[in-house]
Novice: 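There's a structure below that I have some questions on.
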Amino acid sequence: MAGPPVVIWDQDVEGLLHYRELVPRLEEALGKFSRRDSTEVIQPVRTTLTLQKHHGFLGLMPTYMENDGVLCTKFVCFYKREDGSSLPATQATLVLLDPEYGNVKAVMDGELITGMRTAAVSAISAKLLMRPEAEVLAILGTGKQALSHYNAFTDMFSFKEVRVWSRTRQKAERFCRSVSGPVTVCVSVQEAVRGADAIVTVTRCTEPVLFGQWVKPGAHVAAVGACRPDWRELDDVLMKEAVVYADSREGAMAESGDVILSGAEVFAELGDVINGTKTAHREKTTVFKSLGMGVEDAVSAQLVFDQWKRHTPKL
């Protein structure tokens with residue numbers, strides 16, 4: 001009989017999950033997803049339940065990877081919080097199951113895993129689509145996703161300058177104290193993105209905050225916030241002038257206000273570029289619209305579980 005499930009908290013995940021191992025796993029998973037082979041990945045578009053009283057949503061994200069023997073689901077609550085709210089914008093829990101027996105093998109805090117896998121996929125988008133000579137990174141937002149993106153992007157690339165913008169200077173300065181390298185605080189979005197080669201949007205905005213007229217031609221934008229059909233971070237000009245990529249075409253068409261409301265075409269999934277079936281247009285302005293996928297959580301959770309088993313003494 002299977003034993004009780006392992007419970008892995010975020011403080012344990014921190015020592016088990018590293019970008020050097022996570023990024024190759026995610027690249028492989030993105031490629032498998034885009035091949036649409038049911039023995040590789042079965043993953044429906046995220047199901048959401050409205051939490052109307054609390055201005056939030058519950059998202060359910062199951063994934064089955066038959067060939068890899070991975071069965072996982074994530075429960076994520078995300079909210080439209082008012083500025084200054086002390087309540088979390090997201091809370092997530094991952095459940096890893098045995099696909100043969102159906103029992104729960106592990107229950108994991110989802111906050112750190114979600115932050116790291118999201119940032120890693122954004123960094124993969126930059127690896128594929130950003131110009132190799134990129135020197136300036138701009139981050140719009142200063143929450144937990146901003147920190148994970150700073151860590152992933154500075155781990156994978158060598159930028160000469162990193163800029164940050166927040167709605168309040170206090171949050172921007174607190175962000176600067178939390179990171180390991182120099183960051184320039186900007187008083188406006190326009191100042192932050194002027195001449196930037198890579199732009200990461202990780203805001204709670206529901207209306208456009210980044211406008212195409214401010215974006216340097218040939219820049220790469222990783223748009224991570226605005227995960228509902230009526231929420232936006234990017235304006236029509238940017239969405240229509242850029243070549244748009246997504247993690248999941250179906251996810252973008254169902255959940256991304258930036259895509260739906262602008263009428264922009266999703267040119268390709270990142271997995272298509274990884275598989276060599278679509279072109280990486282590095283010479284053009286590119287937008288990667290990140291919605292997050294269950295397969296990203298599944299391979300990340302399996303990596304954490306494998307590392308946990310490797311580092312836990314047998315009783």
Side-chain angles (χ1 to χ4, degrees), residues 30 34 45-46 48 50 55-57 59 61 76 78-81 89-90 114 118-119 121-126 128-130 137-143 145-146 148-149 153 165-167 189-190 192-193 196 198-273 278 280-281 284-293 296:
L30 291 166
S34 292
V45 173
R46 175 168 42 209
T48 58
T50 304
H55 309 289
F57 303 88
M61 303 171 66
V76 56
F78 50 101
Y79 302 88
K80 182 181 178 181
R81 301 295 194 198
T90 60
T114 299
T118 305
V121 172
S122 294
I124 290 168
S125 81
L128 297 172
L129 303 171
M130 184 177 71
L137 169 67
I139 300 174
L140 308 183
T142 52
Q145 282 285 5
S148 63
H149 277 74
F153 273 66
W165 168 85
S166 177
R167 290 194 183 278
V189 172
Q190 187 173 1
V193 303
I199 302 168
V200 174
T201 61
V202 277
T203 75
R204 296 183 187 180
C205 296
T206 57
E207 298 292 335
V209 67
L210 179 62
F211 292 83
Q213 66 188 40
W214 300 339
V215 176
K216 172 184 176 180
H220 175 62
V221 178
V224 179
C227 58
R228 295 296 298 155
D230 56 347
W231 295 2
R232 299 193 65 174
E233 290 185 305
L234 317 182
D235 79 332
D236 284 355
V237 172
L238 178 54
M239 289 300 298
K240 290 180 178 179
E241 290 185 351
V243 182
V244 179
Y245 298 78
D247 41 16
S248 162
R249 186 183 299 273
E250 293 89 347
M253 296 306 299
E255 294 187 300
S256 170
D258 285 320
V259 172
I260 296 166
L261 298 177
S262 69
E265 176 191 355
V266 176
F267 171 73
E269 295 174 343
L270 290 187
D272 295 325
V273 179
K278 288 284 188 174
H281 287 288
K284 298 181 180 180
T285 304
T286 52
V287 167
F288 166 58
K289 182 56 212 171
S290 167
L291 272 304
M293 299 197 298
E296 299 164 7

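Below, all heavy atoms of this structure are taken into account, side chains as well, without hydrogens, waters or symmetry copies. Computed from a prediction, not measured in an experiment: that's the story for all the values here.
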Novice: For a quick test of reading the model, state the closest non-hydrogen atom pair linking R204 to R81 and the distance between them.
Specialist: NH1-CB, 3.3 Å
Novice: Calculate, to the nearest 0.5 Å, the distance between atoms CD and OG1 belonging to E241 and T285 respectively.
Specialist: 7.5 Å
Novice: To the nearest 0.5 Å, what is the distance between CG on L128 and CG on L30?
Specialist: 9.0 Å
Novice: Counting N and O atoms only, with roles assigned by atom type, does the side chain of R46 sit under 3.5 Å from a partner on the main chain of L291, one being a donor and the other an acceptor?
Specialist: yes
Novice: Just to verify, what does K80 make a side chain to side chain donor-acceptor pair (under 3.5 Å) with, not counting sequence neighbours?
Specialist: none
Novice: Under the 3.5 angstrom rule, does the side chain of D258 hit a backbone N or O of L234 as a donor-acceptor pair?
Specialist: yes
Novice: Rounded at 0.5 Å granularity, tell me how far CG in L129 sits from NZ in K284.
Specialist: 12.5 Å
Novice: How many angstroms lie between atom CD1 of I199 and atom CD of E233, to the nearest 0.5 angstrom?
Specialist: 11.5 Å
Novice: Any donor-acceptor pair under 3.5 Å linking the side chain of D247 with the backbone of S290?
Specialist: no
Novice: Is the closest side-chain donor-acceptor distance between H220 and S125 under 3.5 Å?
Specialist: yes
Novice: Passes side chain to side chain contact (heavy atoms under 4.5 Å, CB included), T114 versus T90? Steps please.
Specialist: CA-CA 10 Å; T114 299; T90 60; over 6 Å; no
Novice: Measure across T48 and E255 and return the closest heavy-atom pair with its distance rounded to 0.1 Å.
Specialist: CG2-OE2, 4.1 Å
Novice: Are the aromatic rings of Y245 and F288 close, with centres under 6.0 Å apart?
Specialist: no
